[in-house]
Amino acid sequence: MKAMILAAGKGTRVRPLTYDLPKPMIPILGKPVMAYLIEHLHRYGVTEIMVNVSYLHEKIEEYFGEGHQFDVQIGYSFEGYTNDEGEVVPEPLGSAGGMKKIQEFGGFFDDTTIVLCGDALIDLDLKSALFEHRRKGALASVITTEVPWDKVESYGVVVTDEAGRITQFQEKPRQHEALSNRVSTGIYIFEPEVIDLIPSDRPFDIGSELFPLLAERGLPFFAQTRRFNWIDIGSVRDYWEVCQSVLMGEVANLHMPGIQINDGLWVGQNTSIDWQDTRIEGPVYIGSGTRIEAGVTIVGPTWIGHGSHVCRGAKVVRSVLFEYTRVLENVSLDEMIVFKDYSVNRAGDMKHASEYDSEAWANARDRRRGRRP
C-alpha cells in the first residue's frame with residue numbers, strides 16, 4: 001500500500017501559526033504533526049509517500065527531504081507557478097486535483113493508496129482498515145467518527161445505508177442542514193480507478209466534489225467506523241487543547257522529550273533555571289537553551305520552546321510559548337499561545353503585540369530586554 005499526505009492548504013483557521021508555517025509543520029511536543037503521520041505509516045510498512053505542497057512548500061521539503069531519516073521515500077508535487085517577477089505563487093488544485101496531477105505526471109496511484117490530511121494525530125490500525133476495504137470490494141473507503149452536533153459544520157458529513165455504503169456526503173453543512181453527525185476524519189483508502197473520475201482541467205476537491213460524485217453514481221463507496229485516537233488541529237483553539245492533552249499524558253504513544261529533573265518537569269539540553277523564589281508546577285517542558293530567572297511562576301500544562309527567556313517575576317500558566325520567546329518582567333500569560341509577534345487566548349482570539357497596553361514579550365534572540373520599535 002502507498003500513501004499520499006495532503007499538505008497544500010493555507011490553514012487559515014490556525015492563524016497566526018500558519019502565517020509562517022504550513023499547517024503540517026505545526027509542532028506537537030516540538031515535532032511537526034506530519035512527522036507523526038509518516039512514522040505511523042512506516043510502522044505499517046508504508047514506505048512510498050507522495051505529498052502535495054503549495055503554501056510555504058519549501059519548509060515542508062527542507063524538513064522532510066526525501067524521507068531518509070524516516071526510512072521511507074517521500075516525493076513532492078508542487079501546486080503553483082513562478083510569475084513574471086520571479087516570485088513563487090502558490091495555487092492549490094484542490095485535494096483531488098492534486099492527486100490527478102500526480103497521477104498524470106508519473107502514475108503514482110497504481111495500487112491501493114491511503115490518503116491522509118496532514119494536520120491530525122492518529123493511531124489508526126491501517127492493516128484492519130485495509131482488510132475491511134478489500135473485504136467489501138470498495139472502490140473508496142472513508143474512515144469516520146461521530147462528533148457533537150455543534151461541530152458538524154467543520155467536517156464532511158457521511159450518510160450510509162445499513163451495509164455501510166455511503167449514500168450521501170455533505171461537505172461542511174450548516175448544523176440544521178446536516179443529515180448525520182458521523183463525519184470524515186480526512187483518512188481515505190482509494191483504488192486507482194478513483195483517480196480516473198477526477199477531471200484534469202480544473203481544481204477539484206475530495207469532500208465537496210469527488211465524494212458526492214461517488215455517492216451519486218452508486219459506486220462501491222463505503223464508510224468505516226473505527227475506534228482510534230484522532231486528534232484534529234482544525235483551529236487554534238483545537239491546538240491549545242491538543243497541547244494540554246498531550247502534556248497531561250492523555251494521548252497514547254506521545255512522550256515528553258528531554259530529561260525529567262523534577263516531578264512533572266522536563267528540560268532540554270543546557271537549560272538555566274534560577275530556583276530562588278521560582279515555582280514550577282508540572283507538567284511543564286522547558287526547551288533547550290532556555291533561561292528561567294528568579295521569582296518566576298510556571299503552572300502546567302505548559303510548553304516553553306527552545307531558546308526562550310522568562311524574566312524575573314513573570315508568570316506563565318497553561319500556555320504554549322514557541323521558540324525564542326522572551327516573557328518580560330512581571331508579565332502574566334494565562335492560557336495563551338505566543339508565536340512571534342502574536343498571541344492567541346484559549347477562546348481563539350488573536351492579538352498582535354502592538355495591541356497590548358505595555359510590552360509583554362519580545363524576541364529572545366534580541367539582546368535588549370524590550371521590544372524594538
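In this structure, S154 and K172 approach most closely via the heavy-atom pair O-CE, 3.6 Å. The minimum heavy-atom distance linking W230 with I122 is given by the pair CD1-CG2, 3.8 Å. Annotation for I38 and I5: closest pair CG1-CD1, 3.9 Å, computed over non-hydrogen atoms. For the residue pair D119 and V33, the shortest heavy atom distance occurs at C-CG1, 3.8 Å. Shortest non-hydrogen contact noted between E177 and Q170 is O-NE2, 3.0 Å. Among all heavy-atom pairs drawn from I143 and A129, the shortest one is CD1-CB, 4.2 Å.
Side-chain atoms of E293 come within 3.5 Å of backbone atoms of R312 as a donor-acceptor pair (strictly under, hydrogens ignored). A distance-only check finds no donor-acceptor pair linking the side chain of S141 to the backbone of I189 [under 3.5 Å]. Under a 3.5 Å cut-off, the side chain of T225 and the backbone N or O of T145 do not form any donor-acceptor pair. Listed for the S180 side chain is a donor-acceptor partner under 3.5 Å among the backbone atoms of V158. Side-chain atoms of H40 come within 3.5 Å of backbone atoms of L124 as a donor-acceptor pair (strictly under, hydrogens ignored). In this structure a side-chain-to-backbone donor-acceptor pair under 3.5 Å is missing from R182 to T160. Of the possible polar contacts, one joining the T290 side chain to the S308 backbone as a donor-acceptor pair under 3.5 Å is found. Between the side chain of S343 and the main chain of V338, no donor-acceptor pair closer than 3.5 Å is present. A donor-acceptor pair under 3.5 Å is formed between the side chain of T113 and the backbone N or O of D111. Using a distance-only test at 3.5 Å, with no hydrogens or angles considered, a donor-acceptor pair links the side chain of Q69 to the main chain of Y63.
Legend: residues meeting ring pair (Phe, Tyr, Trp, His ring centres under 6.0 Å) with F169, ordered by chain and number and at least two apart, are F211.
One finds a salt bridge joining R237 and E241 here, because a Lys/Arg side-chain nitrogen approaches an Asp/Glu carboxylate oxygen to under 4.0 Å. With salt bridges taken as basic N to acidic carboxylate O contacts below 4.0 Å, one links R318 and E335.
Shown here is R227, whose CZ atom has no more than 12 heavy atoms of other residues, nucleotides or ligands within 6.0 Å. Counting heavy-atom neighbours within 6.0 Å of K136 NZ, excluding the residue itself, gives a total above 12. In F131, the CZ atom is not crowded: 12 or fewer heavy atoms of neighbouring residues, nucleotides or ligands sit closer than 6.0 Å. Applying the 6.0 Å contact sphere to NZ of K31 captures more than 12 heavy atoms from other residues, nucleotides or ligands. Counting heavy atoms of neighbouring residues, nucleotides and ligands inside a 6.0 Å radius, atom CD of E85 exceeds 12 of them.
In this structure, the ring of Y76 has its center no less than 6.0 angstrom from the ring center of F64. Ring to ring, Y324 and H309 are not that close: their centroids are 6.0 angstrom or more apart.
Here CE of M256 is found 6.5 Å from CG of L29. Values are rounded to the nearest 0.5 Å. Note: F228 CZ to D123 CG = 7.5 Å, rounded to the nearest 0.5 Å. Distance check, rounded to the nearest 0.5 Å: CD1 of I337 to CZ of R346 gives 11.5 Å. Here the straight-line distance linking atom CG of D110 with atom CD of E191 works out to 11.0 Å at 0.5 Å rounding. Note that CG of N181 and OG1 of T144 are 10.5 Å apart. Values are rounded to the nearest 0.5 Å. Note that CE of M4 is 12.0 Å distant from CD1 of I49, once rounded to the nearest 0.5 Å.
Side-chain atoms of I74 and V51, non-hydrogen and from C-beta on, do get closer than 4.5 Å to each other. For the pair L321/L333, a side-chain contact is recorded, criterion being any heavy-atom separation below 4.5 Å from C-beta on. In this structure, the side chains of D125 and Y44 come closer than 4.5 Å at one or more pairs of heavy atoms. Side-chain contact check for I60 versus P24: some heavy-atom pair is nearer than 4.5 Å. Between E153 and R174, the closest side-chain pair of non-hydrogen atoms falls below 4.5 Å. Between L179 and P173, the closest side-chain pair of non-hydrogen atoms is not below 4.5 Å. The closest side-chain heavy-atom distance from I231 to I28 is not below 4.5 Å. In this structure the side chain of L56 never reaches within 4.5 angstrom of the side chain of D20, judged on heavy atoms.
Screening E66, E48, M50 for a side-chain contact (heavy atoms from CB on, under 4.5 Å) with Q73, the sole residue that qualifies is E48. In summary, of the residues considered (E79, E61, E58), a side-chain contact (heavy atoms from CB on, under 4.5 Å) with V53 occurs for E61 alone.
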Derivation of the side chain to side chain contact (heavy atoms under 4.5 Å, CB included) call for N345 and W240 = CA-CA 9 Å; N345 65 16; W240 182 87; over 6 Å; no
inquiry  = Before you tell me yes or no, could you show the steps for L214 and L197 under side chain to side chain contact (heavy atoms under 4.5 Å, CB included), namely the whole-Å CA-CA distance, both residues' side-chain angles and the distance that decides it to 0.1 Å?
reply    = CA-CA 9 Å; L214 290 170; L197 300 171; 3.5 Å; yes
task = Evaluate the criterion side chain to side chain contact (heavy atoms under 4.5 Å, CB included) for residue pair I187 and I114; output intermediate values, then yes/no.
result = CA-CA 7 Å; I187 306 171; I114 182 166; 3.9 Å; yes
task = Give the C-alpha distance, both sets of side-chain angles, the deciding distance and a yes or no for side chain to side chain contact (heavy atoms under 4.5 Å, CB included) between L126 and L41.
result = CA-CA 8 Å; L126 299 180; L41 290 168; 3.8 Å; yes
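Under the 4.5 Å side-chain heavy-atom criterion for grouping Ile, Leu, Val, Met, Phe, Trp and Tyr, L219 is connected to Y188 within one hydrophobic cluster. No path of Ile, Leu, Val, Met, Phe, Trp and Tyr side chains, each step under 4.5 Å between heavy atoms, connects L21 with L6, placing them in separate hydrophobic clusters. I166 and V115 fall within the same hydrophobic cluster, defined by Ile, Leu, Val, Met, Phe, Trp and Tyr side-chain heavy atoms under 4.5 Å apart, directly or through other members. I259 and I280 fall within the same hydrophobic cluster, where Ile, Leu, Val, Met, Phe, Trp and Tyr residues are linked whenever their side-chain heavy atoms come under 4.5 Å apart, directly or through other members.
In this structure, F339 and F322 have perpendicular ring planes: the angle between them is above 60°, well past the 30° mark. Aromatic ring pairs are classed by plane angle as parallel below 30°, tilted from 30° to 60° and perpendicular above 60°; the pair H352 and Y342 is perpendicular.
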Under 3.5 Å, which donor-acceptor pairs do the side chains of residues 263-275 form with other protein atoms, sequence neighbours left out?
{"unit_1": "T271", "atom_1": "OG1", "unit_2": "G268", "atom_2": "O", "d": "3.2"}
{"unit_1": "T271", "atom_1": "OG1", "unit_2": "G287", "atom_2": "O", "d": "3.2"}
{"unit_1": "D274", "atom_1": "OD1", "unit_2": "Q276", "atom_2": "N", "d": "3.1"}

Expected list for residues 96-107: side-chain donor-acceptor pairs under 3.5 angstrom, two or more places apart:
{"unit_1": "K100", "atom_1": "NZ", "unit_2": "I195", "atom_2": "O", "d": "3.2"}
{"unit_1": "K100", "atom_1": "NZ", "unit_2": "I198", "atom_2": "O", "d": "3.1"}
{"unit_1": "K101", "atom_1": "NZ", "unit_2": "F78", "atom_2": "O", "d": "2.3"}
{"unit_1": "Q103", "atom_1": "OE1", "unit_2": "F108", "atom_2": "N", "d": "3.3"}
{"unit_1": "Q103", "atom_1": "OE1", "unit_2": "F109", "atom_2": "N", "d": "2.7"}
{"unit_1": "Q103", "atom_1": "NE2", "unit_2": "F109", "atom_2": "O", "d": "3.4"}
{"unit_1": "E104", "atom_1": "OE2", "unit_2": "S200", "atom_2": "OG", "d": "3.2"}

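Checking S77 against N52 by side-chain atom types alone, no donor-acceptor pair falls below 3.5 Å.
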